[in-house]
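Here is how names work: the chains are called A, B, and so on, in the same order as the sequence lines, proteins then strands, and each is numbered from 1.
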2 protein chains.
Amino acid sequence: MARKTGASGAATLKAIRQAGLKLMAQHGYEAMSLRHLAAEVGIQAGSLYNHIATKQELLVGLIRAHMEELIRALDAALDGHDDPADRLRAFVAFHVGTHLLKRQEVYVSTFELRALERTNYAKVVRLRRRYEQRLTRILDDGKARRRFVFDDTRVTAYAILAMLTGVCTWYRPKGRLSRQAIIDIHTRLVMKGVGVKSRVRTAAKIGVKSAAKAKSAAAKGRAKRPAHKPRPARAA
Amino acid sequence: MARKTGASGAATLKAIRQAGLKLMAQHGYEAMSLRHLAAEVGIQAGSLYNHIATKQELLVGLIRAHMEELIRALDAALDGHDDPADRLRAFVAFHVGTHLLKRQEVYVSTFELRALERTNYAKVVRLRRRYEQRLTRILDDGKARRRFVFDDTRVTAYAILAMLTGVCTWYRPKGRLSRQAIIDIHTRLVMKGVGVKSRVRTAAKIGVKSAAKAKSAAAKGRAKRPAHKPRPARAA
DNA sequence: GTTAAACTTACAAGCGTTCGTTTTTATGCA
DNA sequence: TGCATAAAAACGAACGCTTGTAAGTTTAAC
């Protein structure tokens, strides 16, 4: 057998990247075999090499694409805001919002860095630093303008990032809280943390789904998942 | 060749667990081969099986030991405090303090859960839940006594845990800040987050090392490390 | 002299990757 | 438009290597 009818290179590559993202987020880079990946795509292992150079290149491509898009979208989200408090609120809303939507990408991009070879690792770390700088600049600016009160920019930035990124580990789309509610809760936590009276609407008013709806949704979600290892880790 | 002079079963097992912790934290469970582990200990791969049943059992043993000790030590740290704010401060100090000291254990226990088989995974999750409950109870109690103001217990607890656990990803023992300074910064962030006026001493007064000392220490640390991949991930 | 703890050797399975082949699609020319 | 030809995209088999683990052997310790 050979080329299948209707096979398109671009479509296959897309399927490989999507399946790779899924399997890496689920099992980790090392634990995902190329035969496993190929089976998920519906081709043979060797055929992967019509679309990717190596397994490592697939990983680094996924991570870089995610992080570059992240930076681009963040800049767009921050654009137009000048007041430090506004910018921080925009940052939190953006970070939590996209991390809730792109959990697989986040998982791979944060937990599989150790699988990267030296030079690839260095490049990704540089990207991450660029992203973090957006936050540290907001914090520094807010402090300089006497809008924020906090101790140490770097530690505070890391603390905020870790807190916000944590949502990926427990969020379920059909869970009790809406995305907006989760964003609001975190926004308020962060703003209070840097000493700004938050003016975010309360989650109770806008975001929380009705109890009955949430319960049935949660039950459905539970039943659907394959019982074991739906998720890797949660910070404990 | 065979048994070496001075070889003791207990000592070898300890060395295996320590090396396993180190290698798993560095490269991940899947990426750590038993031959690699054996070499680190100074024995042959087959000899490992005089001390451990399987690779998986080594992992689950390390994780369970860490988490059980964590719960035990937390209960000891909380003992004697009644006021919710005091208890929360004690929690933060304990969590950050031990996580700074036991970074390898934390890494393995939080990032290698996906490598656990079904039943082992379930047991560890149960332990983690017990630990988290200590925090949610403090939060609920503080809210009931009108000492705390926050939105949602579960989300707030997860947010706090993620934030505090994040220190493992960037802390270096010879870095700019002392352990106590880091604890203080996080304590203040958390207490502000739940609406309590913190009375923690400022980091500037007590914890920050002198600039000269920190710089030379940091340089030494950098030179010592093998340049590449000293650390796996940081939440971005 | 029994047991514990190391050794060496080997297995079967799985790994990422390469290669030659086959079939479909796209392209250039009549 | 029709046809030869090149390129694309799949296949299956195989490569050399590593993996976790088992088994039998050898030597030190109790």
Would one find a side-chain N or O of [X] under 4.0 angstrom from OP1 or OP2 of [N]?
{"X": "B:Ser33", "N": "D:dT19", "answer": "yes"}
{"X": "B:His51", "N": "C:dA4", "answer": "no"}
{"X": "A:Thr54", "N": "C:dG16", "answer": "no"}
{"X": "B:Ser47", "N": "C:dA5", "answer": "no"}
{"X": "A:Gln44", "N": "D:dA10", "answer": "no"}

Rounded to the nearest angstrom, tell me the gap between atom [atom1] in [X] and atom [atom2] in [N].
{"X": "B:Ile43", "N": "D:dT26", "atom1": "CD1", "atom2": "C1'", "answer": "16 Å"}
{"X": "A:Lys14", "N": "D:dA9", "atom1": "NZ", "atom2": "C1'", "answer": "19 Å"}
{"X": "A:Lys55", "N": "C:dT17", "atom1": "NZ", "atom2": "C1'", "answer": "12 Å"}
{"X": "A:Glu30", "N": "D:dG20", "atom1": "CD", "atom2": "C1'", "answer": "16 Å"}
{"X": "B:Leu58", "N": "D:dG20", "atom1": "CG", "atom2": "P", "answer": "11 Å"}
{"X": "B:Tyr49", "N": "C:dA4", "atom1": "OH", "atom2": "C1'", "answer": "19 Å"}
{"X": "A:Leu34", "N": "C:dC15", "atom1": "CG", "atom2": "C1'", "answer": "8 Å"}
{"X": "B:Ile52", "N": "C:dA4", "atom1": "CD1", "atom2": "C1'", "answer": "17 Å"}

Got a sec, which residues hit ring-ring contact (aromatic ring centres under 6.0 Å, His included) with B:Tyr29, two or more places apart in sequence or on another chain?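 For B:Tyr29 there are no ring-ring contact (aromatic ring centres under 6.0 Å, His included) partners, ignoring immediate neighbours.
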Are A:His81 and A:Phe91 near enough that their ring centres are under 6.0 Å apart? no
Salt bridge (charged side-chain N to carboxylate O under 4.0 Å, His left out) partners of residues 57-66 of chain A, not counting sequence neighbours, each pair once: A:Arg64-A:Glu68
Check nucleotides 10-12 of chain C against the protein and report each pair of N or O atoms closer than 3.5 Å, with its distance, or say if there are none.
residue	atom	partner	partner atom	Å
C:dA10	N6	B:Arg35	NH2	3.4

Any carboxylate oxygen within less than 4.0 angstrom of a Lys/Arg side-chain nitrogen, looking at A:Arg72 and A:Glu69?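 The answer is yes: the pair qualifies as a salt bridge.
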Sequence-distant partners of [X], salt bridge (Lys or Arg N to Asp or Glu O under 4.0 Å), two or more places apart:
{"X": "B:Lys22", "result": "B:Glu40"}
{"X": "A:Arg87", "result": "none"}
{"X": "B:Asp140", "result": "none"}

Would you say the side chain of A:Asn50 and the base of D:dA10 hold a donor-acceptor pair, judged only by whether the two atoms sit under 3.5 Å apart? yes
5' priority, DNA chain C, between A:Leu48 and B:Ala45 [closest heavy atom]: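 Its nearest nucleotide lies further toward 5', so the answer is B:Ala45.
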